J.: 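Quick one: the structure is below, questions incoming.
Quick caveat, the model's predicted, so the values are computed rather than measured.
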Amino acid sequence: MTSPDAPDTPGSAAVLRPRLPSPLTEAADKRFERRGVRLLLKRDDLIHPALVGNKWRKLAPNLTASAGRTVLTFGGAYSNHLRATAAAGRLLGLPTVGVVRGQELADRPLNPSLARCAADGMRLRFVDRATYRRKTEPEVLAALLRAAEVPEAYVVPEGGSNALAVRGCRDLGAELAGHADVAAVACGTGGTLAGLAAGLAPGQRALGIPVLKGGFLDGGIRRLQEMAFGGPRGTWSLDDRFHGGGYARVTPELDAFAADFEDRHGLPVERLYVAKMLHALLTLTEEGAFPHGTVLAAVITGRPFP
């Protein structure tokens, strides 16, 4: 992660002045307390108004590494990662290109998420879903770069998860060292969990709540830690039961839970990631998964959009 004292070179995240370490606050909640569990909220949503939560931690080192080059990245029609990259580009004066899954979207009005990307100066390139699935293949990626007329662009993977991002998220674990027994985070691509686990102190563990169904994250997290650190780091586990049907799926029950949590704690609860993680922690607490006296830290990685 870029030091606050680093020179403000083109593309350097230092110019964005993040709020680090992010606040750690206690959420008094009788549903946890009656099981002997304390709940802390790690407010990564307050790091920066435009680059929220894990998006800051994953993007900042990549933006610095781009050294002023165009940044090209990938995402779906409602991607938080695309919005964060576009906002960073606007703030840092970096050109950005977003490769969006779904050629059919090219002929439709932009949804609010993609409209925000475009307003922040991101050039959007829509590709068919078969090509999108192959985007990491060298020949396909090269063709996408040529089609976007940015063959020398700095490429950030979907969700922002690469070795630099994982090492950036290690700072999150270091900030929680000594403060909690279990640190929980919602998982999309797994980069935040891979770094979080690496930064925690011995005796602490990280818990990931996948928001996509499929049970594919375990191997991906191991590969990310291998890329970032040369091998496994920290203690972590996943619980795949709380995806609610898959990405961007929000059941009425989950929405009601999130609204109730907002009322109890005055915290705007983002539905696609944060709500699923908080609901998982309450369910696990009520199941007796955490011994009496456990301190949980819930990483708040985002806030509702718009």
J.: Going by heavy atoms in the side chains, are E175 and K42 under 4.5 Å from each other?
T.: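 They are in contact (side-chain heavy atoms under 4.5 Å apart), so the answer is yes.
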J.: Considering non-hydrogen atoms only, spot the tightest contact between G76 and L114 and give its length.
T.: O-CD2, 4.4 Å
J.: Please name the residue in the list R57, R303, K58 that meets the salt bridge (charged side-chain N to carboxylate O under 4.0 Å, His left out) test with D44.
T.: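 Exactly one pass, corresponding to R57.
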J.: Quick one: CG on L141 to CG on L145, what's the gap to the nearest 0.5 Å?
T.: 4.5 Å
J.: Taking all heavy atoms of A298 and all of M277, pick out the closest pair and write down the distance.
T.: CB-SD, 3.6 Å
J.: Search all heavy atoms of A77 against all heavy atoms of N111 and return the closest pair with its distance.
T.: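 Nearest heavy atoms, A77 then N111: O-ND2, 2.9 Å.
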J.: Begin with the C-alpha distance, continue with both residues' side-chain angles, and end with the deciding distance and a verdict on side chain to side chain contact (heavy atoms under 4.5 Å, CB included) for R123 and V150.
T.: CA-CA 11 Å; R123 286 198 294 124; V150 287; 3.6 Å; yes
J.: Please assess L254 against F242 for the test side chain to side chain contact (heavy atoms under 4.5 Å, CB included), listing each intermediate value before the final yes or no.
T.: CA-CA 10 Å; L254 181 65; F242 300 98; over 6 Å; no
J.: Can you name the residues that form a salt bridge (Lys or Arg N to Asp or Glu O under 4.0 Å) with K55, not counting sequence neighbours?
T.: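 Once residues adjacent in sequence are excluded, K55 has no partner under the salt bridge (Lys or Arg N to Asp or Glu O under 4.0 Å) criterion.
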J.: In the structure I gave you, are the side-chain heavy atoms of L110 and L124 within less than 4.5 Å of one another anywhere?
T.: yes
J.: In residues 206-223, what donor-acceptor pairs under 3.5 Å come from side-chain atoms, sequence neighbours left out?
T.:
residue: D218; atom: OD1; partner: R222; partner atom: NE; Å: 2.8

J.: First locate atom CG of L278, then atom CG of L41, and finally report the distance between them rounded to the nearest 0.5 Å.
T.: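 One gets 7.0 Å once the value is rounded to the nearest 0.5 Å.
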J.: What residues form a ring pair (Phe, Tyr, Trp, His ring centres under 6.0 Å) with H179, not counting sequence neighbours?
T.: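 Here no residue qualifies.
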J.: How far does CD of Q103 sit from CG of D128, to the nearest 0.5 angstrom?
T.: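 These two atoms lie 6.5 Å from each other.
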J.: Looking at every non-hydrogen atom in both residues, tell me the closest pair between G168 and P61 and how far apart they are.
T.: CA-CG, 4.5 Å
J.: Closest heavy-atom contact between S22 and I47?
T.: CB-CG1, 3.9 Å
J.: In residues 266-274, what donor-acceptor pairs under 3.5 Å come from side-chain atoms, sequence neighbours left out?
T.:
residue: E270; atom: OE1; partner: Y273; partner atom: N; Å: 2.8
residue: E270; atom: OE1; partner: V274; partner atom: N; Å: 3.0
residue: E270; atom: OE2; partner: L272; partner atom: N; Å: 2.9
residue: E270; atom: OE2; partner: Y273; partner atom: N; Å: 3.4
residue: R271; atom: NE; partner: D255; partner atom: OD1; Å: 2.9
residue: R271; atom: NH1; partner: E262; partner atom: OE2; Å: 3.0
residue: R271; atom: NH1; partner: V269; partner atom: O; Å: 2.8
residue: R271; atom: NH2; partner: D255; partner atom: OD1; Å: 3.3

J.: One pair to check against side chain to side chain contact (heavy atoms under 4.5 Å, CB included): L200 and W236. What are the steps and the verdict?
T.: CA-CA 10 Å; L200 292 173; W236 57 272; over 6 Å; no
J.: Can a donor-acceptor pair be found, under 3.5 Å and without considering hydrogens, that links the side chain of R167 to the backbone of A228?
T.: yes
J.: Does E158 have any side-chain contact (heavy atoms from CB on, under 4.5 Å) partners at least two apart in sequence or in another chain, and if so, which?
T.: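 side-chain contact (heavy atoms from CB on, under 4.5 Å) list for E158, sorted by chain: F74, R101, Y132, K135.
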J.: Any chance you could pull the hydrophobic cluster mates of F305, using side-chain heavy atoms under 4.5 angstrom and chaining through other members?
T.: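 None; F305 is a cluster of one.
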J.: Check whether I300 and L39 end up in the same hydrophobic cluster, where Ile, Leu, Val, Met, Phe, Trp and Tyr are linked by side-chain heavy atoms less than 4.5 Å apart.
T.: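 Per the 4.5 Å side-chain linkage, I300 and L39 are co-clustered.
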J.: Hydrophobic cluster membership, with links at side-chain heavy-atom distances under 4.5 Å among I/L/V/M/F/W/Y: are V166 and L20 in one?
T.: no
J.: For R146, which residues count as a salt bridge (Lys or Arg N to Asp or Glu O under 4.0 Å) partner, sequence neighbours excluded?
T.: none
J.: Identify the heavy atoms of N162 and Y154 that sit nearest to each other, and give their distance.
T.: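 So the two residues come closest at ND2-OH, 4.5 Å.
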J.: Could you go through residues 280-293 and list every donor-acceptor pair under 3.5 Å that involves a side-chain atom there, pairing it with any protein atom two or more places apart or in another chain?
T.:
residue: T283; atom: OG1; partner: H279; partner atom: O; Å: 2.9
residue: T285; atom: OG1; partner: L281; partner atom: O; Å: 2.8
residue: E287; atom: OE1; partner: R241; partner atom: NH2; Å: 3.1
residue: E287; atom: OE2; partner: R241; partner atom: NH1; Å: 3.0

J.: Can you find a pair of side-chain heavy atoms, one from W56 and one from R19, that are under 4.5 Å apart?
T.: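 Side chain of W56 against side chain of R19, heavy atoms only: no contact under 4.5 Å found.
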J.: So, using salt bridge (Lys or Arg N to Asp or Glu O under 4.0 Å) as the criterion, who are the partners of R125 when residues are at least two apart?
T.: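 Applying salt bridge (Lys or Arg N to Asp or Glu O under 4.0 Å) to R125 gives none.
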J.: Kindly indicate whether the side chain of L144, heavy atoms from C-beta on, has any atom under 4.5 Å from the side chain of V155.
T.: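 A side-chain contact is absent here, since even the closest heavy-atom pair is not under 4.5 Å.
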J.: Are F126 and E104 packed together at the side-chain level, in the sense that at least one heavy-atom pair is separated by less than 4.5 angstrom?
T.: no
J.: Using the rule that Ile, Leu, Val, Met, Phe, Trp and Tyr join whenever any side-chain heavy atoms are under 4.5 Å apart, tell me whether F257 and F32 fall into a single cluster.
T.: yes
J.: Going hydrophobic residue to hydrophobic residue with side-chain gaps under 4.5 angstrom, can you get from M122 over to L63?
T.: no
J.: Pairs of donor and acceptor atoms involving the side chains of residues 180-196, under 3.5 Å and at least two apart or interchain, shall be tabulated with distances.
T.:
residue: D181; atom: OD2; partner: V295; partner atom: N; Å: 2.7
residue: T189; atom: OG1; partner: S161; partner atom: OG; Å: 2.6
residue: T192; atom: OG1; partner: N54; partner atom: ND2; Å: 3.0

J.: Among all residues two or more places apart in sequence or in another chain, which pass the salt bridge (Lys or Arg N to Asp or Glu O under 4.0 Å) test with E152?
T.: none
J.: Quick one: pull up NZ in K276 and CG in D239 and give me the separation to the nearest 0.5 Å.
T.: 13.5 Å
J.: Give every donor-acceptor pair under 3.5 Å between a side-chain atom in residues 85-100 and any protein atom, sequence neighbours left out.
T.:
residue: T85; atom: OG1; partner: H81; partner atom: O; Å: 2.9
residue: R90; atom: NE; partner: D120; partner atom: OD1; Å: 2.5

J.: Okay, side chain of R264, backbone of A27: is any donor-acceptor separation there less than 3.5 Å?
T.: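 No.
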